[in-house]
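Residue indices begin at 1 and follow the sequence shown. These numbers come from a predicted model, not from an experiment.
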Amino acid sequence: MKIQFDEKEKSIEIKDGLKTQYLLIKMMLFITFINSILFPVFILDKKQLEWLGFIWILLGLGSMIMLIYQVMTKSTSEKLNLSEISSLTEKQVFGRTRFSLKLKNGKLRDLMEMKNESDIIETKELFKNIGIKIS
């Protein structure tokens, strides 16, 4: 992952391929949602519809909820103005430290590719130097 600060434009540019990853996730969730609608209607017999149809309905609801969550709370912007960034957040998930940028519009921009301690220290220093709060 490469984070570059542009002093003239007062913005940061993040190159980590997150836009492609999230696009694939959204496409798979959408395909699963459509499949969960079409499969019980056209494929299942009336006897199977009782138990297998219920599973497909739950699967469709889960994929719809996750798709809405992805669209409403995640950002994939590669170029962010400093005025759009609220803070750098750090949290532990399954024993790994995850970083994300909390934006002023309420969305999160995940920073996925920080694998070693030097990347973490370098990123924290960069955001500290440009005046973004670290929480």
Side-chain angles (χ1 to χ4, degrees):
M1 175 177 66
K2 295 178 183 175
I3 300 176
Q4 296 176 346
F5 176 60
D6 187 5
E7 290 186 37
K8 282 195 297 187
E9 295 181 17
K10 299 281 188 200
S11 65
I12 59 169
E13 189 172 344
I14 305 168
K15 294 183 181 182
D16 60 355
L18 190 67
K19 188 176 274 193
T20 306
Q21 290 176 6
Y22 276 11
L23 178 65
L24 290 174
I25 289 172
K26 289 175 188 176
M27 284 177 26
M28 292 306 297
L29 287 170
F30 183 73
I31 289 169
T32 303
F33 177 68
I34 296 299
N35 193 27
S36 69
I37 292 171
L38 296 177
F39 189 77
V41 173
F42 294 113
I43 304 298
L44 296 178
D45 295 335
K46 295 205 184 232
K47 294 176 187 174
Q48 293 176 323
L49 191 59
E50 294 174 4
W51 61 276
L52 199 54
F54 181 70
I55 292 172
W56 276 103
I57 289 170
L58 289 177
L59 187 63
L61 285 173
S63 64
M64 183 178 67
I65 290 169
M66 288 302 297
L67 185 62
I68 291 170
Y69 174 76
Q70 284 285 324
V71 170
M72 299 298 277
T73 63
K74 298 291 183 174
S75 174
T76 59
S77 299
E78 292 181 348
K79 191 169 190 176
L80 295 166
N81 290 327
L82 293 182
S83 60
E84 297 174 356
I85 301 171
S86 177
S87 65
L88 174 70
T89 59
E90 175 181 358
K91 63 182 175 180
Q92 293 283 335
V93 179
F94 299 120
R96 291 187 63 190
T97 304
R98 300 276 179 163
F99 290 92
S100 59
L101 293 173
K102 187 172 185 179
L103 305 178
K104 291 189 177 173
N105 63 3
K107 292 187 176 189
L108 291 174
R109 171 50 164 102
D110 294 328
L111 303 174
M112 302 294 284
E113 303 247 346
M114 286 198 258
K115 299 191 184 217
N116 54 26
E117 193 67 32
S118 65
D119 287 344
I120 293 171
I121 292 169
E122 184 180 319
T123 303
K124 283 184 177 181
E125 281 296 317
L126 173 69
F127 285 109
K128 187 183 217 183
N129 290 339
I130 60 178
I132 294 180
K133 184 175 79 170
I134 299 172
S135 58

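- Between Ile12 and Leu101 the shortest side-chain heavy-atom distance falls below 4.5 Å.
- A salt bridge between Arg109 and Asp16 is present, with a side-chain N of the basic residue lying under 4.0 Å from a carboxylate O of the acidic one.
- Taking hydrophobic clusters as Ile, Leu, Val, Met, Phe, Trp and Tyr residues chained together by side-chain heavy-atom distances below 4.5 Å, Phe33 shares a cluster with Ile68.
- For CZ of Phe5, the number of neighbouring non-hydrogen atoms (other residues, nucleotides, ligands) closer than 6.0 Å is greater than 12.
- Of all heavy-atom pairs between Lys102 and Thr89, the closest is CB-CG2, 4.2 Å.
- For Gly60 against Ser36, the heavy-atom pair with the smallest separation is CA-OG, 3.0 Å.
- How far CG of Leu38 is from CD1 of Ile31: 12.0 Å, rounded to the nearest 0.5 Å.
- Taking a cutoff of 4.0 Å between a charged side-chain nitrogen and a carboxylate oxygen, Glu9 and Lys79 qualify as a salt bridge.
- When side chains are defined from C-beta on, Met66 counts as touching Leu29, because their heavy atoms get closer than 4.5 Å.
- Within the 4.5 Å cutoff, no side-chain heavy atoms of Ile120 are placed close to those of Asn116.
- Within the structure, every pair that satisfies the salt bridge (Lys or Arg N to Asp or Glu O under 4.0 Å) test and touches residues 123-135, not counting sequence neighbours, is listed here: Glu90-Lys124.
- Glu13 places a side-chain heavy atom less than 4.5 Å from the side chain of Lys15.
- In this structure, the side chain of Asn81 does not engage the main chain of Glu84 through any donor-acceptor pair within 3.5 Å.
- To the nearest 0.5 angstrom, Asp119 atom CG is 10.0 Å from Phe99 atom CZ.
- Under the side-chain hydrogen bond (donor to acceptor under 3.5 Å, both in side chains) criterion, Gln92 pairs with Thr97, sequence neighbours left out.
- Within the 4.5 Å cutoff, side-chain heavy atoms of Leu103 are placed close to those of Ser75.
- In this structure, Lys104 and Ser83 approach most closely via the heavy-atom pair CD-O, 3.2 Å.
- The cluster map of Ile, Leu, Val, Met, Phe, Trp and Tyr, joined by side-chain heavy atoms under 4.5 Å apart, puts Ile65 and Ile37 in different clusters.
- The backbone N or O of Met112 lies less than 3.5 Å from no partner atom in the side chain of Asp110, so there is not a single donor-acceptor pair.
- With values rounded to the nearest 0.5 angstrom, Asn35 atom CG is found 9.5 Å from Ser63 atom OG.
- No chain of hydrophobic side-chain contacts below 4.5 Å, direct or via other Ile, Leu, Val, Met, Phe, Trp or Tyr residues, connects Met28 to Leu18.
- Hydrophobic side-chain contacts under 4.5 Å tie Met27 into a cluster, directly or through other members, with Leu23, Leu24.
- Linking Ile, Leu, Val, Met, Phe, Trp and Tyr whenever their side-chain heavy atoms come within less than 4.5 Å puts Ile134 and Ile130 in one cluster.
- At most 12 non-hydrogen atoms from other residues, nucleotides or ligands lie less than 6.0 angstrom from NZ of Lys10.
- Follow the hydrophobic side-chain contacts under 4.5 Å out from Leu67 and you never reach Leu108; the two are in separate clusters.
- Atom NZ of Lys74 sits in a crowded spot, with more than 12 heavy atoms from other residues, nucleotides or ligands closer than 6.0 Å.
- Between the CG atom of Leu59 and the CZ atom of Phe54 there is a distance of 12.0 Å, given to the nearest 0.5 Å.
- No donor-acceptor pair under 3.5 Å is formed between the side chain of Thr73 and the backbone N or O of Gln70.
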